[in-house]
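Here the structure is laid out as structure tokens; the discussion comes afterwards.
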Amino acid sequence: MTDSAPGFSAARRLVDVAEAVRTDPGLPRAGLTALLARHGENPADLTAEAFTEADATDLRAAARRMADLLAEPDEDRAAEALNALFARYATRPRLTRHDGHPWHLHVDRGDEAGWGEWFLASGALALAQLLTEHGRIAWGACAAASCGRLFLGGGPGSARRYCSGTCATRERVAAHRRRKRAEAAGTGAAESGAAGPARSSGTGR
């Protein structure tokens, strides 16, 4: 089990695995294997003996937990959750270099850790690095009602709310249409009231 150092590959792997399991909670072992391989995991660590069905179950559970954290919009609650993961699953930080990667930081238990523990520890480290670098949450779950996709949003400017420009545009168009309908409904109600019969000024019985 490795942690690729260049860029935000560990964070990208975290989001991709968490999103895959969010979309398909029963994602088969073969699907997880293919996804991990695309993120540079050593093929020797992905054999049926090294990454068993039980390991896949363990990893899916960890991915669901990290998906909940990736959907957390509050910085303080996210930081508390990350500290809890460090306290439970991380060890003393160490620099390591392996599989052709440059020196980078590990906090997992190495060979002693199961796949779920490794994913939680390495994922917590990746998110903590993003949080400290940007000074804010740099990830999220798409705010589009029909989406919810997990994403990284570490660019400059304010925090992102949508996973893509497509979702952002779709939501703006939907909001614009809702405003137009509300305005039309309000205008119609006002006109209906103005055209209604005048009230009697009599005193009645």
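Note that the structure is predicted; figures quoted are calculated from it, not measured.
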With sequence neighbours excluded, what pairs up with Thr52 under the side-chain hydrogen bond (donor to acceptor under 3.5 Å, both in side chains) test?
-> Asp55
So which heavy atom on [X] is nearest to which on [Y], and how close?
{"X": "Leu105", "Y": "Pro93", "result": "CD1-CB, 3.8 Å"}
{"X": "Ala18", "Y": "Leu70", "result": "CB-CD1, 3.8 Å"}
{"X": "Ala78", "Y": "Trp139", "result": "CB-CZ2, 4.2 Å"}
{"X": "Ala11", "Y": "Leu130", "result": "CB-CD1, 3.9 Å"}
{"X": "Leu46", "Y": "Ala50", "result": "N-CB, 4.4 Å"}
{"X": "Leu131", "Y": "Ala79", "result": "CD2-CB, 4.2 Å"}

Residue pairs meeting ring-ring contact (aromatic ring centres under 6.0 Å, His included), one or both in residues 40-83, sequence neighbours left out, come to Phe51-Trp115
Output yes when Glu19 and Arg149 qualify as a salt bridge under the 4.0 Å nitrogen-oxygen rule, no when they do not.
-> yes
Inspect the contact between Asp68 and Arg22 and indicate whether a charged nitrogen and a carboxylate oxygen are less than 4.0 angstrom apart.
-> no
Kindly say whether [Y] contributes a backbone atom to a donor-acceptor pair with the side chain of [X] at under 3.5 angstrom?
{"X": "Arg94", "Y": "Asp108", "result": "yes"}
{"X": "Thr57", "Y": "Glu53", "result": "yes"}
{"X": "Arg160", "Y": "Cys163", "result": "yes"}

Nearest 0.5 angstrom please: [X] [atom1] to [Y] [atom2], how far?
{"X": "Arg29", "Y": "Arg60", "atom1": "CZ", "atom2": "CZ", "result": "10.5 Å"}
{"X": "Leu95", "Y": "His104", "atom1": "CG", "atom2": "NE2", "result": "9.0 Å"}
{"X": "His39", "Y": "Glu41", "atom1": "NE2", "atom2": "CD", "result": "11.0 Å"}

Under a 4.5 Å cut-off applied to non-hydrogen side-chain atoms, are Met66 and Leu127 in contact?
-> yes
Check whether any side-chain heavy atom of Leu59 sits under 4.5 Å from a side-chain heavy atom of Leu36, and report yes or no.
-> yes
So if you build clusters from Ile, Leu, Val, Met, Phe, Trp, Tyr with side-chain heavy-atom gaps below 4.5 Å, do Leu69 and Phe151 land together?
-> no
Out of curiosity, does Leu150 fall in the hydrophobic cluster containing Tyr162 (side-chain heavy atoms, cut-off under 4.5 Å, transitive links)?
-> no
Take Ser122 and Arg13 through the test side-chain contact (heavy atoms from CB on, under 4.5 Å) and record every step on the way to the result.
-> CA-CA 10 Å; Ser122 62; Arg13 179 188 60 205; 3.6 Å; yes
